[in-house]
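Throughout, residue positions are numbered sequentially from 1 according to the sequence presented. Keep in mind that what you see is a predicted model, and the values were worked out from it rather than measured.
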Amino acid sequence: MKRLSVGWNLAKLVLGIVAAFTVGIVLLGLLLGWKTSVPYSDSFFAVGSGIILLGTLTILGTYRQRGNSNVQYSQSASTEKIPERTSRWVKDIKQGYNFLIVCVVSGSLLISLAVLADKLFSVPAL
């Protein structure tokens with residue numbers, strides 16, 4: 001039952017992120033008076049790519065932190081034992097990958113909206 005609630009919470013988070021950016025892009029389009037679906041498509045693609053890039057940069061930052069000898073030395077000087085330190089590192093890594101998963105799924109959905117923007121935001125000819 002716990003796995004179902006984790007999946008449900010992940011789905012709610014991803015859909016909330018996608019809905020928030022969708023509302024923002026649609027409002028921006030209305031304020032700027034976009035007449036075609038091309039600016040909508042470009043905006044969805046740019047925002048989706050930016051979100052995926054943010055998740056990727058988070059993982060790269062985690063790798064750099066683990067490889068930093070100053071961080072390793074300062075952690076070895078603490079009173080924590082090696083198993084405690086290792087479990088904290090594993091927890092930090094999992095948290096980074098969880099953020100990456102949320103970013104990749106959200107960004108992919110926004111890029112999918114960019115592909116579908118022609119059908120979703122097309123303005124009928126007057």
Side-chain angles (χ1 to χ4, degrees):
M1 188 68 175
K2 185 178 179 188
R3 295 299 275 177
L4 181 64
S5 67
V6 170
W8 179 245
N9 288 337
L10 179 68
K12 288 192 300 188
L13 178 64
V14 167
L15 291 176
I17 291 170
V18 171
F21 280 110
T22 300
V23 167
I25 290 171
V26 169
L27 287 177
L28 183 66
L30 291 174
L31 288 174
L32 297 177
W34 294 342
K35 301 290 185 206
T36 64
S37 61
V38 174
Y40 289 103
S41 177
D42 292 345
S43 298
F44 279 119
F45 185 80
V47 170
S49 299
I51 290 175
I52 291 173
L53 182 65
L54 176 68
T56 305
L57 289 176
T58 302
I59 292 297
L60 292 176
T62 303
Y63 283 134
R64 287 189 67 148
Q65 180 182 359
R66 279 189 291 154
N68 189 347
S69 61
N70 293 333
V71 173
Q72 290 176 351
Y73 177 75
S74 67
Q75 289 178 348
S76 66
S78 71
T79 59
E80 286 183 330
K81 305 262 187 278
I82 291 176
E84 294 169 346
R85 246 189 343 230
T86 305
S87 70
R88 185 165 38 95
W89 275 23
V90 168
K91 190 167 77 170
D92 290 344
I93 291 168
K94 282 184 179 178
Q95 185 177 4
Y97 278 112
N98 289 344
F99 184 70
L100 175 66
I101 290 169
V102 168
C103 288
V104 167
V105 172
S106 300
S108 299
L109 286 174
L110 286 168
I111 290 173
S112 299
L113 285 175
V115 172
L116 297 173
D118 187 38
K119 302 292 181 198
L120 296 174
F121 298 107
S122 61
V123 178
L126 299 174

Item checked: Heavy-atom donor-acceptor pair, S49 side chain to F45 backbone, under 3.5 Å -> yes
Next item on the list: Mind checking side chain to side chain contact (heavy atoms under 4.5 Å, CB included) for S112 and listing every partner two or more places apart, or none if nothing turns up?
Entry: none
Check: Sequence neighbours excluded, which residues qualify as side chain to side chain contact (heavy atoms under 4.5 Å, CB included) partners of L53?
Finding: L57
Checklist line | Contacts of type side chain to side chain contact (heavy atoms under 4.5 Å, CB included), residue L32, not counting sequence neighbours | finding: L28, W34
Notebook entry, point to check: Of S41, P39, S43, which meets side-chain contact (heavy atoms from CB on, under 4.5 Å) against I25?
Noted result: S43
Checklist line | Minimum-distance pair of heavy atoms, taken over all atoms of I51 and F21 | finding: CD1-CE1, 3.5 Å
Margin query: Under 4.5 Å between side-chain heavy atoms, counting indirect links through other Ile/Leu/Val/Met/Phe/Trp/Tyr residues: same cluster for V26 and V38 or not?
Written below: no
Item checked: Linked hydrophobic residues, L27 as query - side chain contacts closer than 4.5 Å -> V23
Next item on the list: Please go through L54's hydrophobic cluster and name the other residues, only I, L, V, M, F, W, Y counting, with side-chain heavy atoms under 4.5 Å joining them.
Entry: F99
Item checked: Contacts of V102 that satisfy side chain to side chain contact (heavy atoms under 4.5 Å, CB included) - sequence neighbours left out -> L10, L13, V14, I17, S106
Margin query: When you compare the side chain of F44 with that of T22, does any pair of heavy atoms fall below 4.5 Å?
Written below: yes
Margin query: If I compare all heavy atoms of V47 with all of L110, which pair ends up nearest, and what's the gap?
Written below: CG1-CD1, 3.8 Å
